[in-house]
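Reading through the structure tokens given below for one structure.
Within every chain, numbering begins at 1; the chains are lettered A, B, ... in the order of the sequence lines, protein sequences first and strands thereafter.
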There are 2 protein chains.
Amino acid sequence: MAGGGILNNTEVRKQKRKRNTRQKAVVYQVVLDSHDHPTAEKVYERARKELPNISLGTVYRVLKELSQEGKIKEIIVNKQSHFEGRTDFHHHFICRSCGKIEDVETPMCRYTCRKVEQKGYVVEDIEYKFYGLCSKCAQKKGIELE
Amino acid sequence: MAGGGILNNTEVRKQKRKRNTRQKAVVYQVVLDSHDHPTAEKVYERARKELPNISLGTVYRVLKELSQEGKIKEIIVNKQSHFEGRTDFHHHFICRSCGKIEDVETPMCRYTCRKVEQKGYVVEDIEYKFYGLCSKCAQKKGIELE
DNA sequence: TCCTTAAATAATAACTATTCCTTATAAAAA
DNA sequence: TTTTTATAAGGAATAGTTATTATTTAAGGA
């Protein structure tokens, strides 16, 4: 049969078709406006103020899409995804007492990368996490111990 | 009523009693003998060769105990726990193609730590993860692209 | 040695974050 | 406007893990 196996112009155009939905726009905006590294559930909560009928599944899917498109970043803490609008190179400090996640500005450790690359590895992504007590919780603990 | 609220000697001794079980010994040995950062499920599989009736729940509980005692280390990759017998300061490279986890010897980044501590944070633990392609997968991909 | 006791176990139910599935809806092409 | 199909909503399903409970067993003492 003619045309079998190879896509014609119409089919190619169809494949590329992408829709611009309000749900995606709202979820993206919520992440951009949030500076506390919200979980999917928190993003859902906030998005519902704008779009009361949005579903949690949609939030999860859109968050994954946006991450893959490089528009937002996913940070995993305690096996749970958190999201942020900052996409430049930086890392995170996680307070074990209050759970707060804070950004840490860090230069990439060239020495380490070189060492890894010497083994023939290709480094695509680097993730540093610092765990401990944030200043507030450290202070509180200091007071308690006195 | 007499004696209420305060523990007597017998009660104190009872509280401290800890049992040495075959299950715990076997799970520990399995982790020490494994050099591939096994998951709980994999540890379970291996422990069953020695103790066919051991339960998965026990494996999970013992792995957590051993981690808390500092005898083994837990590494979380893709929201899944892996375990290793090495407990000294080192980090990990994770191959996105084959999933292999490899140890990376790294000096602690003093500059970064100092920067974090300047904010009044108390750093208790540091975790570096490098994601990419291991030498084998990088080579394979190189060949494919030719 | 046998008893006692509570810590640890096996078995299994429950939980939680996330993904998958199905039907319905709506954005964009025609 | 009509058609097309990507995306949405709602809910079921899944995976990894933790909690619960009745049972077993290691350890200390009689």
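Between B:Ile54 and B:Lys79, it is B:Ile54 whose nearest contact on DNA chain C lies nearer the 5' terminus. When the nearest nucleotides of DNA chain D are assigned to B:Tyr60 and B:Thr21 by heavy-atom distance, the more 5′-ward of the two goes with B:Tyr60. Nearest-nucleotide assignment on DNA chain C puts the 5′-proximal partner with B:Arg22, out of B:Arg22 and A:Leu56. The nearest heavy atom of DNA chain D to A:Asn20 and to B:Ala40 marks one nucleotide each, and the one closer to the 5' end goes with A:Asn20.
We find that CD of A:Gln80 is positioned 15 Å from C1' of D:dA15, with the value rounded to whole Å. Taking atom NE2 of residue B:His82 and atom P of nucleotide D:dG16, one finds them 10 Å apart after rounding to whole Å. Here D:dT18 presents its C1' atom at 13 Å from CG of B:Leu63, a figure rounded to the nearest Å. The CG atom of A:Leu51 sits 12 Å away from the C1' atom of D:dA9 (whole-angstrom rounding). Note: CD (A:Glu65) to P (D:dA6) measures 13 Å, nearest angstrom. When the P atom of C:dA17 is taken as reference, atom CD of A:Glu45 falls 12 Å away, rounded to whole Å. As rounded to whole Å, 10 Å separates atom P of D:dT18 from atom CD of B:Gln68. Following rounding to the nearest Å, A:Lys42 (NZ) and C:dT18 (P) show an atom-to-atom distance of 14 Å.
Checking the phosphate oxygens (OP1, OP2) of C:dA26, no side-chain nitrogen or oxygen of A:Gln23 falls inside 4.0 Å. Phosphate proximity of C:dT12 to B:Ser55: absent, as no side-chain N or O sits under 4.0 Å from OP1 or OP2. Under 4.0 angstrom from either OP1 or OP2 of C:dT18 there lies at least one side-chain N or O belonging to A:Ser81.
The aromatic rings of B:Phe130 and A:Tyr128 sit perpendicular, their planes meeting at an angle over 60°, well past the 30° parallel limit.
A salt bridge does not link A:Lys129 to B:Asp125: none of the charged side-chain nitrogens sits closer than 4.0 Å to a carboxylate oxygen. Between A:Glu45 and A:Lys42, at least one side-chain N (NZ, or NE/NH1/NH2) sits under 4.0 Å from a carboxylate O, which counts as a salt bridge. Under the 4.0 Å criterion applied to side-chain N and carboxylate O atoms, B:Glu84 and B:Arg86 are not assigned as salt-bridge partners.
In terms of polar N and O atoms assigned as donor or acceptor, the side chain of B:Arg61 never comes within less than 3.5 Å of the base of C:dT9 in a complementary pairing.
Side chain of A:Arg17, nearest nucleotide from C:dA10, D:dA6, D:dA9: D:dA6. For A:Arg19, counting side-chain heavy atoms from C-beta on, the closest listed nucleotide (C:dT18, D:dA26, D:dT5) is D:dT5.
Within 4.0 Å of A:Thr39, counting heavy atoms only, lies no atom of the nucleic acid at all.
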Pair A:His37-A:His92, ring pair (Phe, Tyr, Trp, His ring centres under 6.0 Å): steps then yes or no: CA-CA 10 Å; A:His37 308 85; A:His92 298 95; 5.2 Å; yes
